[in-house]
Amino acid sequence: MNKLFSLIEIVDISFERKFFMSNEYFANHFKRISCFILFLLALCFPTGCKKDKVEFGSSQKANIKEQEEQNQNLIFQVVQATEELEKHPDPTFLRNAVGRLNSWLQKKQKSKDFQIDPDLKILEEKIRELSNQLYQADKLYALFLENSQEKPTEQNGEELILLLDSIKKSCEELAQTIGGSILHNYAVLISDLAEKLNKTKEFQFGDRVSMLQTAIRQFELQPWFQFNSYAQGLDHFANLLKLEGRVFLPEDADYLKQVVWFRNIAHWAKGEKQGDLEIIQHLFNWTVENVSLTDPQTGLIGKVLQVPWETILLSHGTPLDRATVFMELLRQNRIDSFIIAPNSEDIPADFPLIVGVCLENEVYLFLPELGLPIPGPEGLSLNNGLTFNSIATLSEAAKNDDLLRKLDYSDEKKFPLTASQLQNVVAKVPTSPFLMSERMMIMEQEFSANVHTVLSISWQQQKERIAALENIQKVEHLWDGYLAILEQLIVPLESELLIQPYLYEMQETANLDTTTQNDKSESGLNNNDDPVKGPLRNTTSLKCPLWIGKILYFKGQFVGENSAAYWLQQGRVSDRLLKESMSHLEERTNMMITQIIEQNGQQGKSFSNEEIQEIARQYVTMEQQQHYFKVYMKVAARYYLALVSLNAGNVETALTHLEDYSLLEEMNQLWKPATLYLIARINESKGNYKNAVAIYRSFNDKFSYGNWLRGKWIDDLSNAQ
């Protein structure tokens with residue numbers, strides 16, 4: 001992996017991760033060597049008239065049986081690959097395994113529950129229309145470039161201007177449907193180009209074609225916004241929206257990965273056998289503790305959106321990311337949920353993010369941004385921490401404004417919701433083109449039998465269930481999830497960069513100091529559970545410690561020889577290694593350049609000063625990037641070890657990790673709020689209410705309201721005792 005970073009070009013390397021990469025890196029980074037040889041299944045089925053019963057001979061029966069066995073073997077390989085993703089960080093492995101199932105999929109009968117959703121069909125048609133417009137614009141645009149072999153005309157310029165105007169309108173219409181910045185920003189870019197071309201009409205005595213050529217050559221269309229590349233991304237998205245398609249796509253493998261991760265978490269995070277409402281509360285509590293709230297990362301095209309599996313891997317996201325994780329966990333327990341929105345075209349800017357959870361014809365209300373449910377009529381109490389004696393339902397909150405006024409922090413800081421706003425609401429249900437596709441309905445019959453997951457839904461049936469509930473005016477798609485998929489298909493680079501520290505390979509045990517490996521306080525576990533105690537593994541194999549550690553954590557494998565704790569320890573880069581990674585950088589750069597010049601000189605090649613400077617810059621960039629990954633790993637591994645210890649029941653060890661203020665200041669923006677929140681929750685669970693309240697009140701970011709409110713409730717209850 002280290003060689004891959006030699007081509008990285010970064011304009012602004014910071015711990016806020018604002019990156020820019022060259023086309024050369026972009027091309028090389030995503031090349032993967034296939035891990036499988038494709039099976040060719042070419043078995044012929046005899047055909048006959050309806051009136052005749054087809055009789056199979058012994059050889060035909062043998063062929064059919066052999067084919068069934070091969071199909072089952074291929075399905076087993078996919079199941080095994082999804083269950084052992086800690087062994088395969090490269091997505092190519094699982095994608096190839098899923099791709100082998102195409103011949104099997106095409107022969108399966110249509111699922112009786114499958115229906116084409118008209119909303120998605122309309123969206124698919126609009127996406128394809130925009131894509132076709134972009135391909136046409138690309139041909140006209142290319143005529144005016146220097147390398148064009150055809151001579152453009154003024155009419156070509158007029159056609160391009162009209163087409164740009166149409167593209168702008170199409171982007172704006174789609175942006176109104178599914179939101180987001182990627183369509184809006186593209187519309188702005190296209191509008192800017194059209195304006196520049198239109199201005200050439202103002203010069204009556206010049207060569208119009210020459211002016212059009214100059215305007216186009218001066219207009220820098222960024223690689224990710226070029227007509228052709230943008231259209232290709234849209235085409236791929238349209239293929240996902242073609243729900244009746246009988247071909248597995250590469251993104252289907254990522255979806256299967258996501259489903260299995262959420263199933264694994266839901267299995268243990270829901271707690272012991274309890275009532276459904278208690279399970280829901282446990283899953284909400286896990287979500288709040290494991291998804292810290294942050295502003296979205298800023299990329300080259302705006303906000304960098306995350307799909308659910310990325311959010312749980314990174315352990316941070318926006319309030320909507322947190323809400324989506326909660327709803328995906330509920331889905332794996334076959335519990336319907338949705339975002340509640342007012343039934344109005346003009347949604348108030350301060351309308352809170354509310355998740356409604358369906359249970360026994362009631363809708364229970366949760367506030368993911370605040371990290372709290374809405375307390376019900378039975379109120380709150382203290383019992384090893386803040387306890388919700390009941391949770392408000394939609395019907396209760398719509399009739400009783402007093403329930404919502406419990407969410408007011410003070411007379412000056414009131415919660416922006418009233419009972420009247422909940423009397424007729426819209427349910428925005430999280431769906432996806434994967435979840436609603438026929439291929440996943442077919443796959444679920446085989447896949448879920450082995451791994452017990454929810455792969456698909458009948459949208460019409462779910463829509464009818466939710467629409468029948470009290471106070472629900474209408475049911476719609478929550479388009480935000482579609483937007484993240486669309487962005488990643490058009491600009492995959494930015495989301496790839498988010499997870500790079502988790503795919504960073506290191507030699508097992510080589511990153512830790514000897515003193516760290518034998519120090520009980522560093523192990524993160526009790527003596528009896530410490531997987532690092534005893535002989536160290538004698539190995540030099542490269543592994544991705546954060547990736548392996550997080551997946552084993554999702555599985556609930558907290559301690560032991562091959563556990564989350566063991567692998568997260570491998571990610572705790574020592575201070576010595578961090579210092580070494582940036583020491584003598586200038587000297588190492590000069591040595592590297594000297595070696596390159598000598599090696600190429602022997603072959604009669606030489607470099608200009610500009611080329612030498614570029615080589616040096618790329619090398620320094622590579623070293624800085626690797627240093628950043630190591631710093632990120634050091635801090636993240638410490639935080640994840642605290643989560644592992646907490647869920648393994650080792651509360652004191654968790655506190656030891658969280659209260660280690662050797663965590664680097666540069667990472668505080670990302671990890672400090674999450675760390676303080678967990679410390680407060682631990683103090684709360686231990687009955688140290690004064691400490692917990694003090695921490696909750698210390699928050700001062702844009703997401704502080706929920707922490708202040710929790711602290712206020714605990715303070716009021718503890719003083720009343």
Side-chain angles (χ1 to χ4, degrees), residues 18 20 119-120 122-145 156-201 212 215-241 296-306 318 320 345-347 349 433 476-495:
K18 298 177 182 178
F20 174 84
D119 291 334
L120 265 66
I122 292 171
L123 181 60
E124 180 198 349
E125 292 170 355
K126 288 183 177 180
I127 290 288
R128 292 197 188 279
E129 181 182 354
L130 175 57
S131 174
N132 289 333
Q133 291 173 340
L134 290 168
Y135 283 126
Q136 293 174 40
D138 186 57
K139 292 179 181 178
L140 291 170
Y141 187 85
L143 291 175
F144 293 88
L145 299 178
N156 294 143
E158 288 299 321
E159 291 175 8
L160 179 57
I161 292 171
L162 289 173
L163 197 51
L164 291 174
D165 185 58
S166 180
I167 291 170
K168 172 180 173 289
K169 290 178 181 177
S170 296
C171 286
E172 289 173 341
E173 289 176 5
L174 281 169
Q176 288 180 352
T177 301
I178 61 176
S181 62
I182 191 165
L183 290 164
H184 173 74
N185 289 349
Y186 198 70
V188 172
L189 187 75
I190 294 302
S191 179
D192 186 30
L193 176 57
E195 183 180 349
K196 285 180 169 57
L197 298 184
N198 264 317
K199 283 185 177 181
T200 60
K201 296 178 181 179
L212 286 168
I216 286 176
R217 290 167 186 171
Q218 289 177 346
F219 187 85
E220 185 178 356
L221 202 63
Q222 293 94 330
W224 48 90
F225 272 167
Q226 287 177 357
F227 297 112
N228 194 54
S229 61
Y230 206 94
Q232 289 174 356
L234 289 171
D235 275 347
H236 204 152
F237 185 60
N239 290 338
L240 287 176
L241 294 172
Q297 300 298 310
T298 302
L300 298 166
I301 59 169
K303 298 175 181 177
V304 181
L305 304 180
Q306 299 172 186
T318 65
L320 184 59
E345 292 184 1
D346 299 322
I347 298 177
E476 299 176 349
H477 292 284
L478 180 65
W479 292 115
D480 298 76
Y482 291 76
L483 189 64
I485 297 167
L486 172 62
E487 180 181 293
Q488 293 189 10
L489 289 172
I490 295 175
V491 192
L493 178 61
E494 294 189 334
S495 62

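The figures here come from the full heavy-atom set of this structure, side chains too, leaving out hydrogens, waters and symmetry mates. Just so we're clear, the structure is a prediction, and the values are computed from it rather than from any experiment.
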Legend entry - Pairs involving residues 231-241, ordered by first then second residue, that meet side-chain hydrogen bond (donor to acceptor under 3.5 Å, both in side chains) (sequence neighbours left out): Arg128-Asn239, Ser131-Asp235, Tyr135-Asp235, His236-Glu251

Inset, instruction - Check the angle between the aromatic planes of His477 and Tyr482 and answer parallel, tilted or perpendicular using the 30° and 60° thresholds. - result: perpendicular

Legend entry - Test item: Pro433 and Ile485 side chains (from C-beta on) under 4.5 Å apart, heavy atoms: yes

Legend entry - Side chains of Phe144 and Asn156 in contact at under 4.5 Å (non-hydrogen atoms): yes

Legend entry - Side-chain donor-acceptor contact under 3.5 Å, Ser170 with Gln133: yes

Legend entry - Qualifying residue, where the test is side-chain contact (heavy atoms from CB on, under 4.5 Å) with Leu174 and the options are Leu486, Ile127, Leu234: Ile127

Inset, instruction - Kindly write out the residues that satisfy side-chain contact (heavy atoms from CB on, under 4.5 Å) with Ser229, not counting sequence neighbours, or none if the list is empty. - result: Gln226

Inset, instruction - Check Asp119, Leu240, Leu241 against Glu124 for a side-chain contact (heavy atoms from CB on, under 4.5 Å) and give me the one that passes. - result: Leu241

Legend entry - Check: Glu487 side chain, Leu305 main-chain N or O, donor-acceptor pair, under 3.5 Å: yes

Legend entry - N/O donor-acceptor pair under 3.5 Å between Thr200 side chain and Lys196 backbone: no

Legend entry - Under 3.5 Å donor-acceptor, Ser191 side chain and Ala187 backbone: no

Legend entry - Flag side-chain contact, heavy atom, 4.5 Å: Leu130 against Leu134: yes

